[in-house]
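Counting begins at 1 with the first residue of the sequence. Just so you know, these numbers come straight off a predicted model, no measurement behind them. Counting starts at 1 for both ligands and their atoms, following the listed order.
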Amino acid sequence: MMRSAPKYLVPVALLALACTLVSAYDPSPLQDFCVAINSSTSAGIVCEWKFCKDPKVVTANDFFFPGLQIPGNTANRLGSNVTLVNVDKLPGLNTLGISLARIDFAPYGLNPPHTHPRGTEIIVVAEGTLYVGFVTSNTDNKLFTKVLNKGDVFVFPIGLIHFQFNVGKTNAVAFAGLSSQNPGVITIANAVFGSNPPINPDVLTKAFQVDKNVVNYLQKQFCSDNRN
Ligand SMILES: *[C@@H]1O[C@H](CO)[C@@H](O)[C@H](O)[C@H]1NC(C)=O
Ligand SMILES: *[C@@H]1O[C@H](CO)[C@@H](O)[C@H](O)[C@H]1NC(C)=O
């Protein structure tokens, strides 16, 4: 016979389910706007399901984010920096299915292979020269690449692994629109070799068909306190 779950677990489970359902994709707006105010429950769950701020007290500042002229600091191992303006930084984005990023690159800086699970990305190069690409899913793992110069636009379809590499001798800057208020990002190397806790090295040794020392080395490189 099944024992029934403690009573308090039921509302928490329902709420977790509700979060999962409504955050699967950005919903279509049912009103002009729904400026986000954070929702949290007594159980302490904060999810992408946001309450709307009372429209009577909404101001222009709820739709405003200053400062994207400021370059991100690229003095890190990859030589790149992404400044994302998502719903957490611009509450007026809530329910609108869109966000924006500024991506800075030092010379030869790399925005490494990553995917946005919830958003297609379209970029325009404002400065410099970028070698960009994405790979299709396992049907054929086909690579599409392009060298982009100032003013060039490129689109990375939702969910596919992509990268941007500054192949010029100068800094580069791109701006990206993303088709979600919260597109999310999974950086492949960090997720696979830097998960917390680490994935069992036997799994990675077999998956990547390499010696265990290689896996140990990569896990050291990407462990969570060694990212930048
Ligand atoms: C990106 O730039 C911001 C602003 O300069 C800085 O606070 C942040 O630490 C940088 N991130 C990385 C990964 O270097
Ligand atoms: C909502 O919570 C997120 C994550 O904790 C935080 O970054 C953001 O500033 C909060 N937004 C508002 C409008 O309070």
Worked verdict on Val214 versus Tyr217 for side chain to side chain contact (heavy atoms under 4.5 Å, CB included) | CA-CA 5 Å; Val214 177; Tyr217 174 79; 5.6 Å; no
Report the member of Asn76, Leu78, Thr74 with the shortest heavy-atom distance to atom 14 (O) of ligand 1.
->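 The residue whose heavy atom sits nearest atom 14 (O) of ligand 1 is Asn76.
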Could you check whether the rings of His162 and His116 sit parallel, tilted or perpendicular, using 30° and 60° as the cut-offs?
->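 Geometry flag for His116 against His162: tilted rings.
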Enumerate the atoms of ligand 1 whose separation from the nearest heavy atom of Gly72 is less than 4.0 angstrom.
->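 Numbered from 1, ligand 1 contributes 2 (O).
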Just checking, any donor-acceptor pair under 3.5 angstrom between side chains of Thr74 and Asn81?
->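 No, Asn81 and Thr74 have no side-chain donor paired with an acceptor closer than 3.5 Å.
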Asn81 contact mode with ligand 1 (heavy-atom cut-off under 4.0 Å) =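 It is the side chain that gets close, since no backbone atom is under 4.0 Å.
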Separation between CG of Leu204 and CG of Leu218, rounded to the nearest 0.5 Å |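 Leu204 atom CG to Leu218 atom CG measures 9.0 Å (nearest 0.5 Å).
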